[in-house]
Amino acid sequence: MELDERLHGIRERINDACELAGRDPAEVMLLPVSKNHSADAVRELTYHGCRVFGESKIQEAKLKISACPGNLEWQLIGHLQSNKCRDAVRLFRMIQSVDRMSIAEEINRHAHNAAKDMPVLLEVNVAGEGAKYGFKPAELLDVLEPINDLPRLEIHGLMTLAPWVPEPEKVRPIFQQLRELKEACEQKLGAPLQHLSMGMSGDFEVAIEEGATLVRIGTALFGPRPRPTKPKPRE
Ligand SMILES: *Cc1c(COP(=O)(O)O)cnc(C)c1O
């Protein structure tokens, strides 16, 4: 199947999931995750209306972004090391993977130096085991205000990565929990948060039923990820 057909198929599935949940499809943003895929694949999607893309790694993103049209927007969805913060602030329009207090402070520092405000999502490790990174649900409310007080950071919502399971129904409770956490954060901040970033190729319909506003889709759109160009040692 061609890229545009897969894109069309995913948009239909998003619409169907919204209909089932009684939601407006305009509330759900599709973020194509282009990691390990080429600038050409990105360019092709731009011909079909995609303008915002997700990347996991700074090095890869840097090369790809410079090879892509300049009018695109990029969001970081992968774990960020503190020595890459300066690049991250320069390359990305939003950082979804704020997973610890120290990285929030470091992003703030570089955003300040760049005279930029940085929209961020707080990554929550709801599942506890599967995902390696993210705030624990129990600590989220404690870091919320200190992060919100960082002048250059704008908290736009929460993000989670559900563990991969063959049956997406199994991760529904994780999405429900993230939604409840978002409500608790809104209450504590006294302001609404725009985004619940949850749902990937294998589980985005369930995530939409549970309130996702942003689904991050790689494989179902681009096909299987080619091996990274630099081979990594086997784990
Ligand atoms: C790779 C990745 C995705 C996309 O995963 P697919 O299963 O290929 O859709 C989404 N979110 C994050 C954080 C990722 O690293």
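These values consider heavy atoms only, across backbone and side chains, with no hydrogens, waters or symmetry-generated copies.
Scored by the side-chain contact (heavy atoms from CB on, under 4.5 Å) test, Arg109 finds Glu106, Asn113 as partners (sequence neighbours excluded). The side-chain contact (heavy atoms from CB on, under 4.5 Å) test applied to Pro146 returns Met101, not counting sequence neighbours. Gln177 is linked by a side-chain contact (heavy atoms from CB on, under 4.5 Å) to Val126, Pro137, counting only residues two or more places apart in sequence or in another chain. Considering only residues two or more places apart in sequence or on other chains, Val165 meets the side-chain contact (heavy atoms from CB on, under 4.5 Å) condition with Lys170, Val171. Every residue two or more places apart in sequence or in another chain was checked for a side chain to side chain donor-acceptor pair (under 3.5 Å) with Ser56, and none qualifies.
Pairs engaging residues 147-164 under the salt bridge (charged side-chain N to carboxylate O under 4.0 Å, His left out) rule: Asp117-Arg152 [sequence neighbours left out]. Within the structure, every pair that satisfies the salt bridge (charged side-chain N to carboxylate O under 4.0 Å, His left out) test and touches residues 58-77, not counting sequence neighbours, is listed here: Glu55-Lys64, Glu60-Lys64, Lys62-Asp87, Glu73-Arg93. Among residues at least two apart or in separate chains, salt bridge (charged side-chain N to carboxylate O under 4.0 Å, His left out) pairs with a member in residues 184-203 are Lys182-Glu186. Sequence neighbours left out, the pairs with a member in residues 75-103 that pass ring-ring contact (aromatic ring centres under 6.0 Å, His included) are His79-Tyr133. Sequence neighbours left out, the pairs with a member in residues 27-44 that pass salt bridge (charged side-chain N to carboxylate O under 4.0 Å, His left out) are Arg23-Glu27. Pairs engaging residues 174-213 under the ring-ring contact (aromatic ring centres under 6.0 Å, His included) rule: none recorded [sequence neighbours left out].
Put simply, the side chain of Leu45 does not reach to within 4.5 Å of the side chain of Val42, judged on heavy atoms.
Aromatic ring pairs are classed by plane angle as parallel below 30°, tilted from 30° to 60° and perpendicular above 60°; the pair Phe53 and Trp74 is tilted.
Using modelled atom types, no side-chain atom of Glu210 and backbone atom of Ala207 make a donor-acceptor pair closer than 3.5 Å. Panel note: side chain Ser82, backbone Ile103; no donor-acceptor pair is recorded below 3.5 Å. Lys57 contributes no side-chain N or O that, together with a main-chain N or O of Gly78, makes up a donor-acceptor pair within less than 3.5 Å. In this structure a side-chain-to-backbone donor-acceptor pair under 3.5 Å is present from Thr213 to Leu196. Of the possible polar contacts, none joining the Ser34 side chain to the His37 backbone as a donor-acceptor pair under 3.5 Å is found.
Val206 and Leu20 fall into different hydrophobic clusters, defined by Ile, Leu, Val, Met, Phe, Trp and Tyr side-chain heavy atoms under 4.5 Å apart, directly or through other members. Side-chain heavy atoms closer than 4.5 Å link hydrophobic residues (I, L, V, M, F, W, Y) into clusters, and following such links, even through other members, never connects Leu91 to Leu63. In terms of hydrophobic clustering, with Ile, Leu, Val, Met, Phe, Trp and Tyr side chains grouped at heavy-atom distances under 4.5 Å, Trp164 and Met200 are assigned to different clusters.
With a 4.5 Å cut-off between side-chain heavy atoms of Ile, Leu, Val, Met, Phe, Trp and Tyr, the cluster of Leu31 takes in Met29, Val33, Val52, Ile77, Met94, Leu121, Met159, Leu214.
Around atom CD of Gln187, no more than 12 heavy atoms belonging to other residues, nucleotides or ligands sit under 6.0 Å away.
Closest non-hydrogen pair, Gly134 versus Glu139, comes out as O-OE2, 4.4 Å. The shortest heavy-atom contact between Gln96 and Gln75 is NE2-OE1, 2.8 Å. Considering every non-hydrogen atom in both Leu3 and Leu221, the closest pair reads CD1-O, 3.1 Å. The two residues Ala212 and Val28 come nearest to each other via the heavy atoms O-CG2, 3.6 Å.
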Evaluation steps, side-chain hydrogen bond (donor to acceptor under 3.5 Å, both in side chains), between Arg51 and Thr46: CA-CA 6 Å; Arg51 281 284 170 275; Thr46 66; 4.5 Å; no
Pair Ser197-Leu158, side-chain contact (heavy atoms from CB on, under 4.5 Å): steps then yes or no: CA-CA 6 Å; Ser197 172; Leu158 303 182; over 6 Å; no
